[in-house]
Amino acid sequence: MAAHGGMSLVSEFAPLLGAGLVSVLVFRRMGLGATLGYLVAGAIVGPQVLGLVGDAESKLTFAELGITLLLFLVGLELSPARLWRLKHDIFGFGLLQVVLCGLAVTGLVFLSTGFSLAAAIALGLPLALSSTAQVLPMLQSAGRLRTPFGERAFSVLLLQDLSLVPLITIIAALSRNPADAAGPPGWVLGLNTVLAIAGLILAGRFILRPLFRLIGNLGEREMFVFAGLFTVIAAAAIMESLGLSTALGAFIAGVMLADSPYRHELEADVEPFRSILLGLFFLAVGMMLDLNAVAARPGFVIGMALALVAVKAGVIFLIGLAFRMNWRQALAMGLLLSQGGEFGFVLFAQAQNAYLIAPEAASLFGAIVTLSMATTPFLMMFTRRFRTEPAAGDGTALQPPRHDGASAIVVGYGRFGQTVAQMLIAQGLSVTLIDRDPEVIETGGKFGMKVYYGDGTRPDLLRLAGAQDAELILFCLDGDQITTEMLEMVAHAYPQAAVMTRVFDRRTLIGLKDAPLAGAVREVFESAIVMARQALRAVGVDDGEIERSEGEYRRVDAKRLGLQLEAGDIYAARDVIFSQARQKRQRQDHPGTRETP
């Protein structure tokens, strides 16, 4: 393995990941969240303290893929119709936040530093942006991302991401570097943004969906992982080549696939990479914390970080009130978005290259952004009592909105699953359908049924489909695909849901005797009984005798099955069987009934 800075990659990543693991466990135990743990771990193993790991800039560049994957996953949660519904929050609340916070923080920097107005603008406007990488995981872990509050917070973050282009344009316009004069004007960047978004929309419709349909027909999960990562990185690379936000490109790609049947499979495949890279991102940010700058001017750095948080929280609180949020929600929104963001590092570098600020100022304000990120977990923890809704008039606590997942998840939409799902829907239950046969998915779509592609036996995919809020998880798959181990994992992960399954035959049912099931149905048992009833009626057996025959058969079969389950052996209780001799004895007990063939 190639050496890097005198150390191999393995030698660098081992202490980095180890420190992150220990620190996150400690900070989560303290209720402070993973982000702060990563930041502290990065600072400790970084070049300024223990010096176990170096070259934070290169690691930060690589780890920014975590933000890109995060925005792709968020895009998968937002269909174009849902995104259109958020337009007022995006271009209303979000635009006001960027403009008003940008002006307020610029004034704060100008008055407290003595920098020129151009330098204050180059520092103040980036500080108006919040940390998408920190806020969205906090909303996801709290189950609030898809609530009205979470959607409004996301709308603000999305507008901040869109504002990256105009902010780069403003810094370029203020530049004192002659080389920047040869760069593209702002209107060209804006036009590139529009064209790139349009191109990604077309690619999603005419390239990505057919591609995933082809991979679905092949049934290769590894190809889904590969294609999912390719989609994210290709979209980001296109935007980067145009000088635009890579995360925005990934987000648009996600939105274009939000309505596709492959959404849950993509989420499950990409999520682990997002989690790892996002953790690495915050480790790299912690490594970049310039402790010398903090030590040289501790009062200024800490005071400015606290002032930044206070100003942004106050401005966002007032905007929230203006948008008719109650004061508790407005306060929560202000505190949640009060920190500086990861795009601040990008824009500080732009300002430094434009000769608007010195390297020392970029390092100083980078430390301010990092410290402001560290305050968010403390603020959310210490203000929980003030932000929590009071009890209702009857003394019950007002609960936040539920996750908008379905009441039931039906895995397998073949001939069996269709009947189950349609009867649930007829009773008003909301149902999420999952299948891994593209032909079934397309056929269901022709009848107005939304069927998602994916392996519904995977607990992680079930979580992305909303299993944590489902009351029923029904496996309607053909064959012997269901195992006791899989059912145990599902029941452990989602204890609130009643888990039921279709089984191939009594042999399969015996194999699942220890599984935590609320119900199991042999797939042809009931239909065979119905056909037997029809056959008996066709040869003239009266309905009373048919009912007695069916009842006796069910009783004997249940007794035999119970003994087989107890023994765990299909050959157990061979003497307990519904036989012709038993029927003759039954007819002797009920004389006058018709002899049947």
Side-chain angles (χ1 to χ4, degrees), residues 143 146-147 263-265 267-268 396 399-437 440 444 449-527 529-530 554 557-558 561-562 564-566 568:
R146 302 180 71 176
T147 66
R263 166 188 149 196
H264 293 311
E265 182 75 15
E267 285 182 292
T396 59
Q399 298 296 325
R402 277 186 51 154
H403 186 287
D404 59 357
S407 300
I409 296 176
V410 174
V411 179
Y413 194 62
R415 62 191 190 281
F416 190 99
Q418 289 172 17
T419 300
V420 173
Q422 289 172 25
M423 289 189 66
L424 296 177
I425 293 170
Q427 289 298 313
L429 294 177
S430 55
V431 179
T432 293
L433 306 171
I434 301 174
D435 202 289
R436 61 180 311 161
D437 186 342
V440 169
M449 303 299 292
K450 182 68 175 179
V451 186
Y452 290 102
Y453 178 89
D455 182 359
T457 63
R458 292 167 51 192
D460 58 339
L461 188 137
L462 289 174
R463 177 179 61 81
L464 294 169
Q468 64 271 26
D469 286 330
E471 299 174 39
L472 296 167
I473 301 177
L474 311 175
F475 294 99
C476 303
L477 298 168
D478 191 12
D480 298 334
Q481 302 181 52
I482 305 301
T483 65
T484 299
E485 292 76 12
M486 186 276 291
L487 292 171
E488 287 175 344
M489 287 191 295
V490 171
H492 177 74
Y494 312 111
Q496 86 293 340
V499 180
M500 303 179 185
T501 187
R502 160 194 182 184
V503 296
F504 183 72
D505 56 12
R506 64 195 311 121
R507 190 190 305 271
T508 308
L509 190 57
I510 292 170
L512 297 177
K513 67 173 185 173
D514 297 324
L517 285 169
V521 176
R522 283 174 279 170
E523 59 186 33
V524 298
F525 181 73
E526 296 295 336
S527 58
I529 288 178
V530 170
R554 287 184 181 273
D557 183 77
L561 181 60
Q564 289 172 327
L565 289 172
E566 184 178 351

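Just so you know, these numbers come straight off a predicted model, no measurement behind them.
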* Asked: What pairs with Gln496 under side-chain hydrogen bond (donor to acceptor under 3.5 Å, both in side chains), at least two apart in sequence or on another chain?
  ->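 Result, side-chain hydrogen bond (donor to acceptor under 3.5 Å, both in side chains) vs Gln496: none returned.
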* Return the minimal non-hydrogen interatomic distance between Leu472 and Ala497, and the atom names on each side. => N-CB, 4.4 Å
* Structure fact -> In short, Gly454 meets Ile434 closest at the heavy-atom pair O-CG2, 3.5 Å
* **Positive for side chain to side chain contact (heavy atoms under 4.5 Å, CB included) with Leu462, one of Thr432, Thr457, Val490** =>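 Testing each of Thr432, Thr457, Val490 against Leu462, the sole residue satisfying side chain to side chain contact (heavy atoms under 4.5 Å, CB included) is Val490.
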Show every donor-acceptor pair shorter than 3.5 Å between a side-chain atom in residues 409-427 and any protein atom, with sequence neighbours excluded, or say none if there are none.
| unit_1 | atom_1 | unit_2 | atom_2 | d |
| --- | --- | --- | --- | --- |
| Gln418 | NE2 | Tyr413 | O | 3.3 |

* Whether Tyr494 side chain and Arg463 backbone form a donor-acceptor pair below 3.5 Å -> yes
Nearest-0.5 Å distance, [atom1] of residue [X] to [atom2] of residue [Y]:
X	Y	atom1	atom2	value
Leu477	Ile482	CG	CD1	4.5 Å
Arg554	Ile529	CZ	CD1	3.5 Å
Phe525	Leu561	CZ	CG	8.5 Å

Let me check something: any side-chain donor-acceptor pairs from residues 505-518 under 3.5 Å, sequence neighbours excluded? List them with distances.
| unit_1 | atom_1 | unit_2 | atom_2 | d |
| --- | --- | --- | --- | --- |
| Asp505 | OD1 | Arg507 | N | 3.2 |
| Asp505 | OD1 | Thr508 | N | 2.9 |
| Asp505 | OD1 | Thr508 | OG1 | 2.9 |
| Arg506 | NE | Gln564 | OE1 | 3.0 |
| Arg506 | NH1 | Asp557 | OD1 | 2.8 |
| Arg506 | NH2 | Gln564 | OE1 | 3.0 |
| Thr508 | OG1 | Asp480 | OD1 | 2.9 |
| Lys513 | NZ | Leu565 | O | 3.4 |

* Mind checking salt bridge (charged side-chain N to carboxylate O under 4.0 Å, His left out) for Glu485 and listing every partner two or more places apart, or none if nothing turns up? =>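 For Glu485, no residue satisfies salt bridge (charged side-chain N to carboxylate O under 4.0 Å, His left out) once neighbours in sequence are set aside.
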* To do: Sort and list the pairs that fulfil salt bridge (charged side-chain N to carboxylate O under 4.0 Å, His left out) and have at least one residue in residues 488-502, not counting sequence neighbours.
  =>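 Listed once each, the pairs are Asp478-Arg502, Arg502-Glu523.
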* Looking at side-chain heavy atoms only, is the closest gap between Thr501 and Met486 below 4.5 Å? ->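 Answer no - side chains too far apart.
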